[in-house]
Protein chains: 2
Amino acid sequence: RPYVIVLGNEKGGSGKSTTAMHIVVSLLREGFRVGTIDLDGRQKSLTRYIENRRAYCKANDVELPMPLERVIVRSTARTSDEAEADEKMRFEDTYVELMDQVDVIVIDCPGSDTFLSRLAHTAADTLVTPINDSFVDLDLIARIDPKTYRVAGPSLYAEMVWKARQRRQMADGGTIDWVLLRNRVGAVHAKNKERVESVVEELTKRIGVRYIPGLGERVIYRELFPNGLTLMDLRDEGVSERNDFSMSHVAARQELRALMDGLNLAFRRE
Amino acid sequence: RPYVIVLGNEKGGSGKSTTAMHIVVSLLREGFRVGTIDLDGRQKSLTRYIENRRAYCKANDVELPMPLERVIVRSTARTSDEAEADEKMRFEDTYVELMDQVDVIVIDCPGSDTFLSRLAHTAADTLVTPINDSFVDLDLIARIDPKTYRVAGPSLYAEMVWKARQRRQMADGGTIDWVLLRNRVGAVHAKNKERVESVVEELTKRIGVRYIPGLGERVIYRELFPNGLTLMDLRDEGVSERNDFSMSHVAARQELRALMDGLNLAFRRE
Ligand SMILES: Nc1ncnc2c1ncn2[C@@H]1O[C@H](COP(=O)(O)OP(=O)(O)OP(=O)(O)O)[C@@H](O)[C@H]1O
Ligand SMILES: Nc1ncnc2c1ncn2[C@@H]1O[C@H](COP(=O)(O)OP(=O)(O)OP(=O)(O)O)[C@@H](O)[C@H]1O
Ligand SMILES: [Mg+2]
Ligand SMILES: [Mg+2]
């Protein structure tokens, strides 16, 4: 069955969709067949990114590797029981539909706690949680002592992940590899950055999450959205914007490689 | 009746809560009585920021100006009709409760399209929408032509604001001053930045929004969250971290002054 990678973090704007797209394109370019499931049926940033990619190919008469993309809109049923039954059915149907057509499914969750998001978390083989270098973002994962900056205990999102792991354990004995990744990391040294780093390290010892090298704050991670491209597509596209070889691009490629390796995806090793 | 400022943007992580807290503290320090209503009953970043502030005062035996803060949790009723009736009642009760106690109410919306968020938008005298310098964020506000980077038409969130303005017009003939503000603006010049700027300019001519000087990407806007402080509290607090007089802090103070002036708040002019 396909390997399931979920981008989850109920904190908005932590970088789920951006990271999702870069993981998708990375895997496509390695020759894997990729399916995407967008659980943010209204905003659908990941799906919009892919639609832009499709439009770019059409407008420029080129071929770029494309995922099989699906969106699961939230149910409009008027009672929660009906809505959840409806969403569960469509989620499972989508999974079954993609199952024989792809090697890996990348699921992008919304920046809020929804029933669909919880279904996805339970189904994850690897759960990737990007966070900004910020205690505002960390507040969803852990309670922090403001005097010592030590972890006082888990917070809402860590508890949600714990419950997802429990459900998964009971369903099929499966485990979820939970990976934290710092996103939009500033270039400059700052006390705040050190503190976030030490909290992240402490989290790895306290709440069953590991962390991998993250992504810096770089315009290249967002400026190609209108054309559905990522840095990895640039050389092919002969989009020889002079700065294709700028240091920021070289560093970004490094970051993406480290990210993919850090994910330690079983199906990716020979 | 109190002046209502709403922080709205259904795009996650655009900076609503951060901007809300800085507006709140700014007004408090000018002597206004401020009430806050947090519509993100689970994440409640703004309320957490204020709770941290309260804890800081207690732990350090100091007094800092504080808002009257309220949270409106989402209804757990099992049918949408009951949930909406419940939320509407609690929203109105909260407003009535604060009405005679404050000069201004700052409402922080979640990063998703909820019924409570729509109620708040309809009640806004000023609607402040922060956005990242990113076409991913802009995608919620306008459709963009990827060849020309020109605005092709409004998108989901602009349509939601338009409907809120209609409802307000019908309810009491009131108008909503919709203000866009670029947030987390990078220091370095970039083609992407120019393009976002030109889209924002075009939006002001096309969808009834105006824009004001925004906030740069600065650690000072987020590093004081655990203590519930903002840059504006630092001098009082004699928190003389050497860098209280760093150029970034001086620039940040300028940005906050320009933001407050740009809001053009009727009750703030003599
Ligand atoms: N590493 C990065 N460098 C530069 N910009 C980034 C980076 N990661 C994300 N962004 C930008 O930050 C914003 C938030 O990112 P994104 O939309 O991917 O987050 P999200 O977690 O999917 O948000 P939501 O909760 O709304 O789904 C977007 O404007 C995006 O373009
Ligand atoms: N100007 C800024 N400079 C530096 N960091 C910022 C700035 N504005 C916001 N941040 C950080 O960016 C992240 C998102 O900001 P914030 O939580 O205020 O956005 P939001 O729109 O309220 O998100 P949500 O949609 O989840 O409610 C937080 O980690 C915050 O600390
Ligand atoms: Mg997203
Ligand atoms: Mg917020």
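Note on naming: letters A, B, ... go to the chains in the order of the sequence lines (proteins, then strands), and numbering restarts at 1 for each one. Just so it is clear, the values below take in all heavy atoms, side chains as well, and ignore hydrogens, waters and symmetry mates.
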### Message
Can you tell me how far apart CZ (A:Phe135) and CG (B:Asn52) are? Round to the nearest 0.5 Å.
### Response
11.0 Å
### Task
For side chain to side chain contact (heavy atoms under 4.5 Å, CB included), just list the numbers for A:Arg184 and B:Asn132, CA-CA rounded to whole Å, side-chain angles, deciding distance to a tenth of an Å, and then say yes or no.
CA-CA 12 Å; A:Arg184 305 192 69 175; B:Asn132 281 291; 3.2 Å; yes
### Task
Over all heavy atoms of both residues, which pair between B:Pro146 and A:Pro226 is shortest? Give the atoms and the distance, please.
CB-O, 3.5 Å
### Query
How long is the span from the NZ atom in B:Lys44 to the CG atom in A:Leu140, to the nearest 0.5 Å?
11.5 Å
### Message
I'd like to know which of B:Arg48, B:Glu82, B:Arg78 tops the heavy-atom pair count under 4.5 Å against chain A.
### Response
B:Arg78
### Query
What part of A:Val219 lies closer than 4.5 angstrom to a heavy atom of chain B: side chain, backbone, both or neither?
side chain
#### Entry: Side chain / backbone / both / neither for A:Ser134 at chain B, heavy atoms under 4.5 Å
both
### Query
Given that the side chain runs from C-beta out, which part of A:Phe225 has a heavy atom under 4.5 Å from chain B: side chain, backbone, both or neither?
side chain
### Proximal component of A:Asp139, with respect to chain B [non-hydrogen, under 4.5 Å]
side chain
#### Entry: Toward chain B, the part of A:Ala83 with a non-hydrogen atom under 4.5 Å
neither
### Task
Kindly give the heavy-atom pair with the smallest separation between B:Ala77 and A:Ser80, and that separation in Å.
O-OG, 4.0 Å
### Query
How about B:Arg150: does its CZ atom have over 12 heavy atoms from other parts shown lying under 6.0 Å from it?
no
### Side chain, backbone, both or neither of A:Tyr149 within contact of chain B (heavy atoms, under 4.5 Å)
side chain
#### Entry: Over 12 non-hydrogen atoms of neighbours within 6.0 angstrom of CZ in A:Arg74
no
### Query
Which one of A:Asp113, A:Thr79, A:Asp40 has the most heavy-atom pairs closer than 4.5 Å to chain B?
A:Asp113
In a table with atom names and distances, give each donor-acceptor pair under 3.5 Å that connects a side chain of residues 11-18 of chain B to protein atoms at least two apart or in another chain.
from    : atom 1 : to       : atom 2 : distance (Å)
B:Ser14 : OG     : B:Asn9   : ND2    : 3.4
B:Ser14 : OG     : B:Lys11  : O      : 3.3
B:Ser14 : OG     : B:Pro130 : O      : 3.4
B:Lys16 : NZ     : B:Asn9   : O      : 3.0
B:Lys16 : NZ     : B:Lys11  : O      : 3.1
B:Ser17 : OG     : B:Asp108 : OD2    : 2.6

### Task
Under the side chain to side chain contact (heavy atoms under 4.5 Å, CB included) rule, what do B:Arg222 and A:Asp133 come out as? Steps first, then yes or no, please.
CA-CA 9 Å; B:Arg222 63 178 185 245; A:Asp133 256 18; 4.0 Å; yes
### Message
If you apply the rule side chain to side chain contact (heavy atoms under 4.5 Å, CB included), what do you find for A:Arg42 with B:Leu156, and how did you get there?
### Response
CA-CA 8 Å; A:Arg42 179 169 160 99; B:Leu156 293 173; 3.5 Å; yes
### Query
Of the backbone (N, CA, C, O) and the side chain (C-beta and beyond), which part of A:Ile144 lies under 4.5 Å from a heavy atom of chain B, both, or neither?
neither
